[in-house]
Amino acid sequence: MITAEHLRAVAGWARDLPEADIEYARRGIVEKTFGKGAYICHRGDRFDYWTGVVSGLVRLGSVSKSGKEVTFAGLPPGGWFGEGSLIKGEARRYDLLTLRETRLAMMNRATFLGLFENSVAFNRYLVRQFNERLGQFIALVEHDRMHSTAGKLARNLAWLLNPVLNPTVGLRIEITQEELGLLSGLSRQMANQGLKALEQAGLVRLEHGGLTVLDLDRLRGYGDGSDMDD
DNA sequence: TCATTAAGCGTTG
DNA sequence: CAACGCTTAATGA
C-alpha cells in the first residue's frame, strides 16, 4: 500500500482528484519492482491492473508474424497504461517489456472500475489521455515517411516527453542512447548519430545517461515538410 | 557495392 | 560500473 503523497508524486492524474477519490485509489494500488528485460505481460495474457511507471522504462510493442519486434510506445516514469484492456475486459494486445529495472504501481481492476464509474475528475483525465493518444497516432500516420534516423528519434523523444501523457517527466529524461534506439527501432550507433544531429540542430542537450530537450515543439515537428536531412 | 549492425574494447563520467 | 565512442568483421538489401 502507498501513501496519498506518494501517489500524487508518481501519478499526474491523482493531482486533480478530490481527497476522497485519492484515498480510494490509494488503497487499491500496490507497487512491484521488475528486473531489467522482464516481461510484465505478454500479448494475449490477462493482466488485471491499471499500471503506472514509478521509475525505470517500459516498452510497449508486439512481435509481427515474421518475428520482428515492433515497438509502439515507450513508457517513462509518470506514464499510465492498460485502461483499454481493463474497460473492455479483454486480454492484453501488446507485450510489455522492461528495458531497465522498473518499479510499477498497479491498481486493481475493481478500484479502476470504481473510479471509472464514480469520479468525474478521473474520467476527465481518461478522456484527455485517449485524445492525446489518438492525436499521436494520427500524427504518426500523417508523416509516415519519416525515414531519417534523426526524425525517428525526434518523434520518439517527443512522445516520451509528452506533457499530457507523461506529466511528471519534465524536459529532462534519464535514458541511454541504446534504450532510445530500442524504442525507435535503431541500433546504438544510429541512435548516437541521430542524437548528435538533434543536438547540432539545437533541439536537445546530450548528457551522460540522459538528455534534456531544449525545444519540445520543434522536436515534435522535426522532419515536417522542408528539411528532410539526416 | 554500400550501408548498417553486433561485438569487442578503451575511455569517461 | 555503466554509458559512450570508436573499430572491425559480418550481414544484407
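Residue numbering restarts at 1 for every chain, and letters A, B, ... go by the order of the sequence lines. On a predicted model such as this, the values are computed, not experimentally measured, just so you know.
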By side chain to side chain donor-acceptor pair (under 3.5 Å) - contacts of A:Arg124 (at least two apart): none
Interatomic distance where CD belongs to A:Glu174 and C1' belongs to B:dG13 [whole Å]: 14 Å
Short N-O contact, A:Arg8 and A:Glu5, less than 4.0 angstrom: no
First-last contacting nucleotides on DNA chain C - partner chain A, under 4.0 angstrom, heavy atom: C:dA3 to C:dC6
Contacts of type side chain to side chain donor-acceptor pair (under 3.5 Å), residue A:Thr111, not counting sequence neighbours: A:Asn108
Pairs touching residues 160-169 of chain A that satisfy side chain to side chain donor-acceptor pair (under 3.5 Å), sequence neighbours left out: A:Glu132-A:Asn162
Interface residues of residues 95-104 of chain A with DNA chain C (non-hydrogen, below 4.0 angstrom): none
Of all pairs that satisfy salt bridge (charged side-chain N to carboxylate O under 4.0 Å, His left out), the ones with a partner from residues 178-190 of chain A, not counting sequence neighbours: A:Arg100-A:Glu179
Sugar-phosphate, base or nothing in reach of A:Glu179, heavy atoms under 4.0 Å: nothing
Qualifying side chain to side chain donor-acceptor pair (under 3.5 Å) pairs, either residue in residues 47-58 of chain A, two or more places apart: A:Trp50-A:Glu83
Pairs meeting criterion ring pair (Phe, Tyr, Trp, His ring centres under 6.0 Å) with involvement of residues 159-200 of chain A, two or more places apart: none
Sequence-distant partners of A:Glu117, salt bridge (Lys or Arg N to Asp or Glu O under 4.0 Å), two or more places apart: none
A:Thr33: partners by side chain to side chain donor-acceptor pair (under 3.5 Å), with sequence neighbours left out: A:Arg103
Set of side chain to side chain donor-acceptor pair (under 3.5 Å) partners for A:Arg109, sequence neighbours left out: none
Could you run down the sub-3.5 Å N/O contacts of the protein with nucleotides 7-9 of chain B?
{"from": "B:dG8", "atom 1": "O6", "to": "A:Arg188", "atom 2": "NH2", "distance (Å)": "3.2"}

